[in-house]
**Student:** 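Structure provided below as structure tokens; questions to follow.
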Amino acid sequence: MSRRRAMDADLEQYLEAGVGRLQDDASACPWMNGLEKKVSSAARETEALVSDLMVDQPLFWLLTSFFIGILLGKGLFRKS
């Protein structure tokens, strides 16, 4: 391990200050970072939409849950 540190110290003068080591960021994939940002944005937008619907459309949610309850009730309590 000390040999690696000595090599890093020798090569450090050739690296720019803003450039990090590749091994340090090896687990970071640019494609996955972009995907993570898109999924995070979609989740925030979905949460905002559901929040708005819960506040602005309570009758919609009550009717939706009522009809889902009827459909589930029919399926669960149907005589075979």
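This is a predicted model, so every value here is computed, not measured.
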**Student:** Starting at CG of Leu49, measure out to CZ of Arg44 and round the result to the nearest 0.5 Å.
**Tutor:** 14.5 Å

**Student:** Could you pull out all residues at least two apart from Thr46 that satisfy side chain to side chain donor-acceptor pair (under 3.5 Å)?
**Tutor:** none

**Student:** Can you give the donor-acceptor pairs under 3.5 Å from side chains of residues 63-76 to other protein atoms, not counting sequence neighbours?
**Tutor:**
| residue | atom | partner | partner atom | Å |
| --- | --- | --- | --- | --- |
| Thr64 | OG1 | Phe60 | O | 2.7 |
| Ser65 | OG | Trp61 | O | 3.0 |
| Ser65 | OG | Leu62 | O | 2.9 |

